[in-house]
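What follows is a set of notes on a single structure, which appears directly below.
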Amino acid sequence: MQPLSVSGPWDLRLDPDRDGYVDEPSDDDVDGTIFLPGTTDEYGYGNEVDDQPRDHLQRTHRYEGAAWYRRTVSLPDSWADKRVTLSLERTRPTAVWVDGEHIGSRECLSTPHVYDLTGAIGPGEHELAIRVDNADDSMDRPGVRRSHASTEHTQTNWNGVVGDLRLDATPPVWIESVRTDPDPSENAVDLAVRLNNVTETAQQGTLTAATRSVTTGETHVVDAVDRSVSIDAGDGSEPGRTTLEFTYDLGPDALTWDEFSPAVYDLTVSLETAGSGNAYGSEFETTFGLREFEADGTQFAINGTTIFLRGRTDCCVFPDTAYPPTTTAEWVDHMETAKEYGINHYRFHSWCPPEAAFEAADRVGIYLQPECSQWDFGTSLDDGDDYAYYRREAERILEAYGNHPSFVCFTLGNENKGDEERMAELVRHCRALDDRRLYAYGANNFLTSPHPGAADDFFITANVPEDPAASHWDVDRTPIRGTGHVNDSPPSTAVDYEKKLEPYDLPVVGHEIGQYQIYPDYDEKRKYRGVLRARNLERFERSLADRYMDGSDTDFQAASGALSVACYREDIEAAFRTNGFGGFQLLGLDDFPGQGTAMIGILDSFMESKGLIEPHEWRRFCDARVPLLSFDRYAVTTDDNFTAEAMLANYGPGTIADANATWSIATPDGTKIATGDLERSDVKQGSLATLGTIDASLDAVDAPARAEITFTIEGEELEDGSAVDLRTAYPIWVYPETPEDTVDADEIGVSRRFDEATRARLEDGETILLLPESSALRYSLEGAFQPDFWNYEIFKRNGKPGTLGMTTDADHPLFNAFPTEDHTNWQWWPLLRHSRPIVLDDAPAEFEPTVQIIDTIYRNHKLGVYFETAVGDGKLAVCTLDLSGDDPVVRQFRRSLESYLVSESFDPEPTLSTGILDSLLDAGQDEERVYGDDAGAWVDHD
């Protein structure tokens with residue numbers, strides 16, 4: 001029987017004081033009309049909001065409290081004597097009335113609210129009222145308030161009903177549910193069909209199951225099967241319940257489901273009863289995929305094929321509506337975009353998506369990990385009521401979405417703390433209910449001391465103990481993501497986490513890796529035309545203009561974005577270089593414009609490209625198969641041989657036969673430095689294979705030079721002979737072992753302070769290179785290589801400088817002997833890591849440092865680590881890059897700088913007055929000073 005949609009116009013009454021709204025309303029009791037599905041935000045109800053927060057997008061209208069939605073529904077005569085239900089797909093806590101009779105209430109953020117209206121409704125017209133309550137105390141649970149199921153930082157605490165709104169009629173004997181348990185080894189699916197009977201007579205009938213594959217290039221139609229069934233009678237108060245279990249053989253041509261070939265079966269189960277009285281018919285539709293997802297040692301496997309999770313953390317960022325899509329087409333578009341960037345896995349951070357997300361993932365081939373609506377740093381599951389709520393929520397999620405093949409993992413929430421025994425108990429309860437997927441008690445639980453739960457199948461963590469034998473509660477930790485080595489260790493491609501993970505005998509997944517902040521392009525704010533406005537971006541844009549840098553945002557985004565992409569690549573490849581690793585979960589592929597405005601995505605909040613990298617280029621290091629080179633240094637000299645281990649992480653569909661690996665080193669103009677072939681071999685599926693060693697002399701390079709090493713692998717799939725063609729490339733910088741000495745050191749005076757002696761020498765016409773002592777700098781920051789982690793607002797307490805890399809003009813003569821791009825790349829690490837960016841806000845508006853550091857959006861200071869000006873008859877260059885040590889990069893930069901300073905090209909304008917220079921560069925302090933507060937106060941550094 002066809003459902004009756006109740007989408008459309010509803011009378012709305014806002015009831016913030018909860019006065020009630022059950023009786024027939026007068027005109028004064030109605031605030032207006034709203035179309036459901038929809039929210040009060042979308043129709044402009046509630047308070048208009050003028051706030052300009054820095055830490056999240058802003059709703060244009062906000063209503064929080066009870067809201068009543070009321071309309072007349074008309075049921076056809078054919079619905080007489082039928083069981084009638086109301087379904088509200090996604091909403092806040094609700095209560096329902098029919099013709100003034102209270103039916104019940106529901107409290108769930110993750111699955112549809114379903115009400116049985118039987119006995120209260122029948123053919124004809126009826127008044128249907130729904131109360132939706134999104135007041136703070138309606139879901140007064142610590143885990144819910146922080147979760148992405150309701151937080152203002154993502155989908156907001158909206159009021160309304162979204163998705164499917166309908167009335168359904170079923171006969172007195174009906175199919176309640178169908179559970180599908182696939183068995184790929186037998187090409188079969190086990191069905192458990194639950195039938196209900198509210199009549200007082202046992203019923204005899206026939207069940208028919210029919211299925212076909214619908215989402216791959218192949219079509220597979222399976223012959224229908226019939227089963228006789230006897231359904232117990234009801235007793236007048238409760239229906240009779242019968243479950244029929246049987247195996248449905250799909251035959252030898254059955255198609256399996258995985259990321260490479262996501263064959264989904266649509267299953268229809270029909271019931272026909274027969275007897276001397278009424279005959280009843282019922283039908284139930286669901287889906288399944290022939291797959292088995294399991295932990296195989298320390299890695300994941302699907303249908304026996306080892307896979308590597310390349311995940312993104314979905315935090316429910318949908319700025320147009322502030323709630324998740326509820327149509328399959330929208331989610332397919334969303335997930336196909338992610339798959340273009342090599343993603344095969346979604347972790348839903350502290351929330352569970354609607355049915356449409358599971359349907360889309362089934363079709364696209366994405367492995368899903370939904371979570372309960374729980375993010376609690378305090379007492380997860382300690383309280384009896386909270387435990388009961390989350391137990392029910394987990395049961396409902398498994399019941400509602402458990403048949404979907406894409407639903408492969410489930411956890412209780414994000415970074416929770418609390419009663420471990422209760423969490424483990426709930427994990428065991430979930431597994432006992434449904435063993436079709438893997439379970440864990442949370443992602444990065446216990447935050448500073450993460451460890452697997454007693455019942456966990458896998459472990460999501462950002463760090464592990466340095467001493468595996470020590471208690472995880474009191475031991476120093478070491479990261480298993482790039483936040484540990486990208487900024488703090490000399491750059492290489494040799495880092496992996498294999499030894500760190502040796503103590504673990506279950507799959508380990510890197511938690512929320514990446515998080516490299518990218519400066520926003522403020523034109524993006526024009527995209528926000530739905531219920532949210534980017535007033536945080538508007539505020540940051542005004543701040544940039546206040547520093548006389550308006551219009552610099554596009555250059556800042558390009559430069560910080562290029563560095564961020566390089567860091568993301570290293571983070572991802574370090575995971576691939578780790579033999580036996582389970583995978584990673586990015587945070588994020590797209591921006592997170594909340595929790596401090598974390599613009600950390602290569603895609604914006606609308607899942608649209610920022611123009612930083614093309615999808616096919618990203619997939620070179622983030623895909624099912626990734627060619628890798630492991631080498632110790634990006635910067636080498638002509639006296640060195642370039643050596644690297646050539647590897648291939650093969651988590652594709654099968655073995656690559658007769659893989660031919662070749663390499664070449666060339667300069668940007670195409671000049672070949674060296675080439676070579678590695679021994680042909682087969683590369684087994686699920687392996688991190690070493691293909692050989694590259695060893696190339698660099699003595700013929702016309703140094704200094706930037707070169708690129710290209711590594712290609714060609715072969716064919718062992719199973720079907722289709723071609724495999726993989727390619728990657730890495731930059732390297734080649735410097736002379738001893739830079740050519742062409743500079744007379746007497747031509748350059750070196751000073752440590754802009755003091756009277758330095759000013760006098762400048763007045764006399766000297767060229768001065770000022771390398772200021774840290775204590776001489778009145779306003780400066782600590783140096784950093786990588787972009788800021790997540791955002792400065794949240795983590796400034798950790799003492800991070802908050803900067804986003806550098807920008808410069810690569811064609812400036814300063815770099816004639818130091819090849820560079822206009823953004824930070826790996827060769828800048830020894831120069832920037834311990835540099836000291838100077839705050840130049842007091843400089844004239846038009847002044848631009850030659851090497852500028854991009855500041856966090858929370859300060860937007862004009863920062864420089866190299867700038868120049870004329871002073872009197874002299875010329876001054878100020879450099880706070882780290883020029884100490886004997887690193888080949890530093891040696892070469894010093895030589896390039898010295899050559900520039902004695903050249904005719906060094907002819908600066910008098911852009912900075914002596915007063916400004918004196919203020920910036922001669923603080924008169926013995927102690928080191930650092931800018932430590934984004935509110936504007938300068939504090940002593942200790």
Side-chain angles (χ1 to χ4, degrees), residues 38-44 46-62 152-156 158 314-325 330 333-334 337-338 340-341 516-562 564-565 588-615 787-788 791-793 804 807 854-860:
T39 67
T40 54
D41 293 48
E42 290 179 290
Y43 288 88
N47 297 322
E48 191 168 349
V49 181
D50 294 325
D51 297 345
Q52 292 188 323
R54 300 190 307 176
D55 59 344
H56 59 81
L57 301 174
Q58 184 57 61
R59 296 161 72 175
T60 59
H61 295 79
R62 180 191 292 116
E152 286 297 295
H153 291 264
T154 55
Q155 69 168 298
T156 77
W158 47 268
D314 189 304
C315 298
C316 201
V317 177
F318 298 99
D320 282 335
T321 60
Y323 59 79
E330 290 173 284
D333 183 64
H334 197 274
T337 297
E340 287 179 359
Y341 289 87
Y516 301 108
Q517 182 86 203
I518 298 170
Y519 201 90
D521 180 342
Y522 292 121
D523 281 347
E524 181 188 321
K525 66 183 185 297
R526 297 186 177 92
K527 292 185 177 183
Y528 294 86
R529 290 294 178 263
V531 302
L532 298 175
R533 293 290 186 271
R535 293 174 183 162
N536 48 352
L537 297 187
E538 294 171 3
R539 183 170 174 174
F540 297 136
E541 184 178 29
R542 288 196 301 272
S543 167
L544 188 70
D546 289 344
R547 300 290 195 266
Y548 304 106
M549 292 185 287
D550 50 310
S552 299
D553 50 312
T554 54
D555 290 339
F556 287 176
Q557 181 178 84
S560 61
S564 180
V565 166
L589 185 65
D590 56 337
D591 282 338
F592 189 111
Q595 281 175 221
T597 306
M599 313 300 278
I600 41 75
I602 59 165
L603 306 180
D604 65 22
S605 300
F606 298 86
M607 287 289 283
E608 295 176 351
S609 174
K610 296 179 181 178
L612 303 174
I613 186 171
E614 292 297 321
D788 190 33
N791 64 66
Y792 181 73
E793 179 81 345
L804 309 178
T807 182
I854 304 165
D855 198 15
T856 170
I857 53 179
Y858 281 94
R859 289 184 307 240
N860 274 322

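Residue numbers run from 1 in the order of the sequence given.
For Thr321, the side chain to side chain contact (heavy atoms under 4.5 Å, CB included) partners two or more places apart in sequence, or in a different chain, are Glu42, Phe318, Tyr323. Not counting sequence neighbours, the partners of Phe606 by the ring pair (Phe, Tyr, Trp, His ring centres under 6.0 Å) test are Tyr528. Not counting sequence neighbours, the partners of Phe556 by the ring pair (Phe, Tyr, Trp, His ring centres under 6.0 Å) test are Tyr519. Scanning for salt bridge (charged side-chain N to carboxylate O under 4.0 Å, His left out) contacts around Asp591 gives Lys610, with sequence neighbours left out. Here Pro615 pairs with Glu340, Tyr341, Arg619 under the side chain to side chain contact (heavy atoms under 4.5 Å, CB included) rule; sequence neighbours left out. The salt bridge (charged side-chain N to carboxylate O under 4.0 Å, His left out) test applied to Glu524 returns no partner, not counting sequence neighbours. Partners of Ala559 under the side chain to side chain contact (heavy atoms under 4.5 Å, CB included) rule, at least two apart in sequence or in another chain, are Thr807, His823, Ile854. Take Asp553 and apply the side-chain hydrogen bond (donor to acceptor under 3.5 Å, both in side chains) test, not counting sequence neighbours, and it matches no residue. Contacts of Thr554 classified as side chain to side chain contact (heavy atoms under 4.5 Å, CB included), with partners at least two apart in sequence or in another chain: Asp521. The salt bridge (charged side-chain N to carboxylate O under 4.0 Å, His left out) check on Asp523 picks up Arg526, with sequence neighbours excluded. Contacts of Arg529 classified as salt bridge (charged side-chain N to carboxylate O under 4.0 Å, His left out), with partners at least two apart in sequence or in another chain: none.
For Lys527 and Glu608, the salt-bridge test passes: some basic side-chain N is under 4.0 Å from an acidic carboxylate O.
Within the 4.5 Å cutoff, the side chain of Val317 has heavy atoms near those of the Pro593 side chain. Proximity of Pro520 to Ile857: side-chain heavy atoms (C-beta onward) are separated by under 4.5 Å at one or more points. Using a 4.5 Å heavy-atom threshold, the side chains of Asn791 and Met599 count as separate. Taking the side chain as every heavy atom from C-beta outward, Ile602 and Ile613 approach each other to under 4.5 Å.
For Asp51, the CG atom is densely surrounded, since the number of other residues' heavy atoms within 6.0 Å is greater than 12.
Between the side chain of Ser564 and the main chain of Ser560, no donor-acceptor pair closer than 3.5 Å is present. Side-chain atoms of Asp41 never come within 3.5 Å of backbone atoms of Arg62 as a donor-acceptor pair (strictly under, hydrogens ignored).
Aromatic ring orientation, Tyr792 versus Tyr858: tilted (interplanar angle from 30° to 60°).
Applying the side-chain hydrogen bond (donor to acceptor under 3.5 Å, both in side chains) rule to pairs touching residues 530-540 yields Asn536-Thr597, sequence neighbours excluded.
Taking every heavy atom of both residues into account, Ser552 and Leu544 meet most closely at N-CD2, 4.4 Å.
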